[in-house]
Amino acid sequence: MTSIEMFKGAKWIECTEESEAPLFRKTFEANAGESAKITICGLGFFKLYINGKKVSEDLLSPNASNYSERDTSAFEYPIKDKMACRIYCMKYDISSYLIEGENTLAVMLGNGYYGQSKQHNEGNVAYGTPKLCYVIEKESGNILCDETTLSHKGFITENNLYWGERHNYTLLPEGFCKNGAAPSGFANSRVISAPESDYYIQTSPSDKVIRSVEPKLIGTLDGMALYDAGENTVGYAVFKGGEKGKKITVSYAEEYLGGQKDGMHFIENYQTDEFITDGSEREYIPHFTWHGFRYFKVSGAEPVRVDVVHSDCPVTSSFESDCEPLNWLYDAYIRTQLCNMHCGVPSDCPHRERLGYTGDGQLCCEAGMMLLDSREFYRKWLYDISDCQCRLSGHVQHTAPFMGGGGGPAGWGGAIVEVPMKFYKTYGDKALLAEFFPKMLHFLDYLESRSENGLVWREEEKGWCLGDWCTPDSLKIPETLVNTCLYIRFMQQTIQAAEILGRQSEAAHLDERIEKAKRAVTVAYYSPQEHTFCGDIQGASCLALRVGLGDEKVKQRVIEKYKKLGMFDTGIIATEALIGYLFEQGENQLAFDLLSSKKEVSFANMAAHGATTIWEYWNGIESRNHPMFGAVTKYLFLYLLGIRQPESSAGYEKVIISPCFVDGMNRAKGHITTERGVISVEYEKIGSTATVKAYADPKIKAVFEHNGTRTEFSGEKTFTVEI
């Protein structure tokens, strides 16, 4: 849809004064009780008020996207791909906000991702400066945005997603959003051209204040009060003002080291907000960003609370057992994933980068879909991935929406295969899979174009070409091995998609490519003397085994290695592959032992160091809030609780309940909420017997399976089995 179609011919406007957060105001006539809706887009983010009341609880709207074309030549490495663009608009029913006679619309704009002129990695990646368009459709006549919507430069002097905000409330025009007021300093707006893009009504959830926590004062640092939110989280501290002209300064960090008089150290993430108060009793918060933090230091006021802000994707699962490392893993993954869901984008971290890395996102997408109410969130992100695919070459960017950033051809770009396949399996949406099928084939052609003699060797010129990432020690696993094994996996998945869609002929050529790539990996990396691929460095053999390479001897070498090692030596890609492969092969005890390990490279080690979210690196350097290693959380449900769909099922039309019983866990329970209802499993082991209480919504065809015995059931059923 074009801008003209979306907004019924309304004009786009901007403030005539230079401003990062302009204010807009429009008075109009209406009848009390008449039906009225507004379609509105304020770029990058907006807040909308009618007669002094904020419309909806939505924050950081609209969702981020590839807004329009821009110059990408100045990025860290230049991208010349031809990508698609879209802009999301919000639609609200405002009937209940209207009164008889004169009414007032007011809007506050902020930069968001659209006007991001400063960030840590890529620098100025801005699309443009803040701008606004809207149409009010009501029974008594439409109100169109134009130059008669008045504008003001506002009171927010700086707003940046990464660096924070600066507010001076003494500059706020009195009565800015109130009806009947006549605030000074407003003038006609400037009419501008509409951004060239496709326009859509947003269906993915916006960010909201999800909950609040009470911070604890733990001391003073640099003359400022130091607070602990009690968990690594996202959002901001809330303050109430005092006398006019008082300055409140607050800085945020994930980590605080100290306790000794001279040993305090506050590790900042460049996130600082400043507020100059106006003497009112208002709450002081950032309007157009969130912060990723556990600790914050503040001068000038005491915090009222901490508001936790992220996309409104409710938790629809639970897990609890008598194995504390697994309980921590589930809780930490849920918290980490939610901390990294903002503006319709699954990010890598909520502070330093906060970008939709396609590598991180594809690894965690199945867990995110399974454990959260996130169907529309991931549907939206799928279109980000699609928009970031080059229409000419098939190349898929490392971030979606595209904001720069490094990665690799398969472990990142392969999201265009992995995510639609997991979306189909989770929700049963065959139409969406059919829409993405040609895009999947186009991407596979891209990987083939970057291959030599069956091996994927490169990506874009002067660009990154990662294989795996974040290994416990320096990366040693060959990038080409990783990318080629993933290439094989994605071809296998695309063949499955073709079979689901009845389009086998379009993927028939992939069988020959798969065999060619398998031969190339075997020749280049397999040692028949050692029965390993690359000496099984950092999970290399497992990546090969999972796509059908190797034999029983290779499998046994992997098992022997990890039984002896007792912890991970893998990066983000091989960790998920290793745990998945072990469970798939029936090596349940070893998979459990690795997940629950308390050795140095383990989830329990993160927990032992006080972590409440999953770390970017196993040793805790860099970010303390990255979800990617948490991709393995899905296996708590798929295998330890045993909630799995058979190959013939999608959208949980059918389910097999088959828990894996392991030494070290005698009790476990959990549930997921599917398209067709709730599935739950609870079991307890006593000696050689296990009692399993299973529930599957009657709309689901459920089977309980143990030691080759299959029993169909519906609703709740208790089974007693020998183990």
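Worth knowing before you read on, the calculation uses all heavy atoms, side chains too, and leaves out hydrogens, waters and symmetry mates. From a predicted model like this one, the values you see are computed outputs, not experimental measurements.
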Report the distance from atom [atom1] of [X] to atom [atom2] of [Y], rounding to the nearest 0.5 Å.
X      : Y      : atom1 : atom2 : value
Leu640 : Cys660 : CG    : SG    : 6.0 Å
Ser3   : Asp198 : OG    : CG    : 11.5 Å
Asn66  : Ile385 : CG    : CD1   : 11.5 Å
Tyr525 : Leu455 : OH    : CG    : 5.5 Å

How about [X]: does its [atom1] atom have over 12 heavy atoms from other parts shown lying under 6.0 Å from it?
X      : atom1 : result
Lys701 : NZ    : no
Glu512 : CD    : no
Lys555 : NZ    : yes
Lys82  : NZ    : no

Decide whether [X] and [Y] meet the rule of one side-chain donor and one side-chain acceptor closer than 3.5 Å.
X      : Y      : result
Tyr127 : Arg70  : yes
Glu552 : Gln556 : yes
Glu435 : Tyr383 : yes
Glu459 : His398 : yes
Tyr635 : Glu576 : yes
Glu499 : Gln504 : no
Ser451 : Tyr487 : no
Asn483 : Glu479 : no

Would you please classify the geometry between the Phe319 ring and the Tyr330 ring as parallel, tilted or perpendicular, with 30° and 60° separating the classes?
-> tilted

For the pair Phe402 and Phe75, name the ring-plane relationship: parallel under 30°, tilted 30 to 60°, perpendicular over 60°.
->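 Judged by the thresholds at 30° and 60°, the geometry between Phe402 and Phe75 is parallel.
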
Among [options], find the one that has a side-chain contact (heavy atoms from CB on, under 4.5 Å) with [X].
X      : options                : value
Cys89  : Met1, Met6, Gln202     : Met6
Val345 : Arg354, Lys380, Met403 : Lys380
Phe719 : Thr709, Ile657, Thr711 : Thr711

Arg546 NZ/CZ over Tyr581 ring centroid, <6.0 Å and within 45° of normal =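 Because its charged atom misses either the 6.0 Å distance or the 45° angle limit, Arg546 does not stack over Tyr581.
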
Think Lys634 forms a cation-pi with Phe637, using NZ or CZ under 6.0 Å from the six-ring centre and within 45 degrees of its axis?
-> no

Can you name the nearest heavy-atom pair linking Met440 to Thr494, along with the distance?
->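 Nearest pair, atom of Met440 first, then Thr494: CE-OG1, 3.9 Å.
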
So Trp469 and Tyr357, ring-ring contact (aromatic ring centres under 6.0 Å, His included) or not? Walk me through it.
-> CA-CA 13 Å; Trp469 191 238; Tyr357 275 92; 9.6 Å; no

For Gln538, the option from Thr570, Thr575, Asp473, Asp569 that meets side-chain hydrogen bond (donor to acceptor under 3.5 Å, both in side chains) = Asp473

Is there a salt bridge (charged side-chain N to carboxylate O under 4.0 Å, His left out) between Glu653 and Lys699 once you walk through the steps?
-> CA-CA 8 Å; Glu653 178 186 9; Lys699 296 188 290 292; over 6 Å; no

Within-4.5 Å side-chain heavy-atom neighbours: Leu590 and Tyr562 | yes

Tell me, with the steps shown, if Thr674 and Tyr427 meet side-chain hydrogen bond (donor to acceptor under 3.5 Å, both in side chains).
-> CA-CA 8 Å; Thr674 74; Tyr427 303 118; over 6 Å; no

In short, ring-ring contact (aromatic ring centres under 6.0 Å, His included) pairs touching residues 530-554 with sequence neighbours left out are Tyr526-Phe533

